[in-house]
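All heavy atoms count here, side chains included; hydrogens, waters and symmetry mates do not. Position 1 is the first residue of the sequence; numbering continues from there.
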Amino acid sequence: MTSSLDDIGNAQEAAKRNLWLHFTRMSGYADSDVPVIVRGSGAYVFDQHGRRYLDGLSGLFVSQVGHGRQEIAEAGARQAGELAYFPLWSYAHPKAIELAQRLADLAPGDLNRVFFTTSGSEAVESAWKLAKQYFKLTGQPERYKVISRDIAYHGSSMGALAITGLADIKYPFEPLTPGGVRVPNTNFYRAPAFVRDDLEAFGIWAADEIERAILREGPKSVAAVFLEPVQNSGGCFPPPPGYFQRVREICDRYGVLLVSDEVICAFGRLGYYFGAERYGYQPDIITFAKGVTSGYAPLGGMLVSDALMEPFSSGTATFLHGITFAGHPVSAAVALANLDIFEKENLLGNVRANEAAFRATLEKLCDLPIVGEVRGAGYFYGIELVKDKATRETFDDDESERLLRGFLSNAVFDAGLPCRCDDRGDPVVQLAPPLICGQEHFDEMEHILRAVLIEAWARI
Ligand SMILES: Cc1ncc(COP(=O)(O)O)c(C=O)c1O
């Protein structure tokens with residue numbers, strides 16, 4: 001049965017009855033309203049009551065240029081009017097060609113080939129499939145395993161989930177695609193005692209753990225290593241100096257592909273088009289999604305090196321993989337208009353000029369007893385919450401449940417700052433605002449978080 005959703009009450013009822021929210025405990029809305037966001041403008045979004053929120057996580061690390069950009073909306077509408085759809089299976093269309101060329105120009109080194117998807121999970125899934133087929137084509141059919149890091153999130157489809165390092169979200173779906181192997185991440189705040197005081201030594205140890213995993217698994221069985229430039233899950237772990245250079249050496253030594261999963265870190269999040277540029281390493285594949293369109297339409301993909309493409313360039317070889325809506329004409333047109341704004345408004349320059357101020361503003365929160373550390377890079381920070389600053393003791397399961405799910409997630413939203421409160425590693429609050437933000441937005445975030453964290457501490 002349908003009824004008018006103009007009425008706020010009807011919309012609530014329908015949201016609760018018919019809509020299934022992702023990664024969401026639906027029972028949480030039994031006695032409270034589902035938040036309904038109806039429009040956006042710049043760095044702000046508005047709910048159905050007209051209340052304004054600072055978009056502290058760019059939706060979901062997506063809205064790089066901010067909301068309400070008419071030129072992007074118009075580019076999408078124009079394309080839908082001209083050619084709404086045609087597949088990239090055997091055919092091309094102009095906007096996919098133009099976007100592929102533009103992305104290849106922006107990408108580091110010889111990542112000249114673009115395979116589009118519609119999402120990040122599909123991009124990761126595609127990269128693993130490509131690695132497997134590449135090795136089958138080039139006489140190393142036993143290479144199929146992939147190495148990734150503890151707590152890292154790489155997507156929710158079966159293959160991407162097998163690369164993900166979060167046991168709790170994998171367990172209900174096991175057995176997953178075989179071949180996922182885990183190594184330590186670069187959380188220096190929780191580094192093992194023997195490297196706790198030396199960031200560089202910690203980075204070398206963490207990189208060498210990848211080599212040890214390759215040797216343990218059998219070097220000829222490993223296809224690829226999947227790493228984010230700055231790991232999101234766990235709360236923004238930047239790479240220690242030299243980490244990626246060491247990883248690249250290790251991958252080269254054993255003939256293993258290096259995949260830079262930049263679904264979050266690309267398109268300005270770290271002040272560069274690609275995180276690999278910021279940290280000075282050359283991947284064999286970059287996976288991307290989210291910020292490529294700033295969310296005005298869905299799009300993902302992977303950028304692939306000339307060397308990986310080579311066996312598919314002649315004879316009968318075909319990458320046996322495809323997705324109906326991948327590289328959709330409307331999404332491609334939207335992505336091009338989005339990148340135009342990056343250039344016109346020098347958004348990378350804005351992030352680079354302001355990231356230190358953003359960090360310094362968030363670091364003011366370190367005077368609170370609950371704040372253990374602020375870490376991250378660019379417009380991408382995590383604030384780790386602790387029970388005891390001196391010992392770095394974290395919260396137990398029950399406290400995390402009360403603190404994060406019971407209080408913080410709702411409290412930051414109610415206070416006007418939707419952002420991420422996560423305990424998939426240790427409890428963290430994460431911020432990743434639109435790249436147009438400046439000091440007044442940083443101050444607003446700090447102000448809201450200070451009040452909410454003081455209350456959280458009082459509730460422990
Ligand atoms: C690093 C990384 N890889 C892959 C994904 C999956 O992307 P999607 O949700 O678009 O499938 C995400 C999503 O947040 C991500 O952060």
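Listed by first then second residue, pairs satisfying ring-ring contact (aromatic ring centres under 6.0 Å, His included) with a partner in residues 21-48 read Tyr44-His441, not counting sequence neighbours. Evaluation of the ring-ring contact (aromatic ring centres under 6.0 Å, His included) test over residues 151-182, restricted to residues two or more places apart or in two chains, returns none.
Other residues, nucleotides and ligands contribute more than 12 heavy atoms inside 6.0 Å of the CD atom of Glu71.
Look at Glu228 and Arg269 and you find no salt bridge, because none of the NZ, NE, NH1 or NH2 atoms lies under 4.0 Å from a carboxylate O. Using a 4.0 Å cut-off between charged nitrogen and carboxylate oxygen, Arg102 and Glu98 do not count as a salt-bridge pair.
Between the side chains of Thr361 and Gln439, a donor-acceptor pair is found at a separation under 3.5 Å. No donor-acceptor contact under 3.5 angstrom links the side chains of Asp284 and Ser305, judged on distance only. A donor-acceptor contact under 3.5 angstrom links the side chains of Asn232 and Gln430, judged on distance only. Judged by distance alone, the side chains of His328 and Thr118 never bring a donor and an acceptor atom under 3.5 Å apart.
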(request) Give the intermediate values and the outcome of salt bridge (charged side-chain N to carboxylate O under 4.0 Å, His left out) for residues Lys95 and Glu82. (result) CA-CA 11 Å; Lys95 290 295 189 271; Glu82 197 169 297; 5.6 Å; no
(message) Quick one, Glu174 with Lys170, criterion salt bridge (charged side-chain N to carboxylate O under 4.0 Å, His left out). Give me CA distance, side-chain angles, the key distance, then yes/no.
(response) CA-CA 6 Å; Glu174 285 170 343; Lys170 290 150 67 114; 5.9 Å; no
(request) Under the side chain to side chain contact (heavy atoms under 4.5 Å, CB included) rule, what do Leu347 and Ile436 come out as? Steps first, then yes or no, please. (result) CA-CA 7 Å; Leu347 290 185; Ile436 52 172; 3.8 Å; yes
(message) Between Tyr85 and Phe325, does the ring pair (Phe, Tyr, Trp, His ring centres under 6.0 Å) criterion hold? Intermediate values first, please.
(response) CA-CA 8 Å; Tyr85 177 72; Phe325 284 144; 5.8 Å; yes
(request) Check the pair Arg278 / Glu355 against salt bridge (charged side-chain N to carboxylate O under 4.0 Å, His left out), numbers first and verdict last. (result) CA-CA 13 Å; Arg278 175 168 180 144; Glu355 69 165 289; 2.8 Å; yes
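Between Phe116 and Ala326, the shortest heavy-atom contact is O-CB, 3.1 Å.
A 4.5 Å side-chain heavy-atom check between Thr177 and Trp128 finds at least one atom pair inside the cut-off. In this structure the side chain of Glu384 never reaches within 4.5 angstrom of the side chain of Pro427, judged on heavy atoms. Side-chain atoms of Leu320 and Gln133, non-hydrogen and from C-beta on, do get closer than 4.5 Å to each other. The side-chain heavy atoms of Val45 and His67, taken from C-beta on, include a pair separated by under 4.5 Å.
For the pair Arg51 and Tyr53, the cation-pi test (distance below 6.0 Å, angle within 45°) is passed. A cation-pi arrangement is not found for Arg246 relative to Tyr281, the charged atom failing to lie both closer than 6.0 Å to the ring centre and inside a 45° cone about the ring normal.
The backbone N or O of Gly327 lies less than 3.5 Å from a partner atom in the side chain of His93, making a donor-acceptor pair.
A distance of 6.0 Å or more separates the ring centres of Tyr279 and Tyr243.
For Arg405, the salt bridge (charged side-chain N to carboxylate O under 4.0 Å, His left out) criterion is met by Glu401, Asp423, not counting sequence neighbours.
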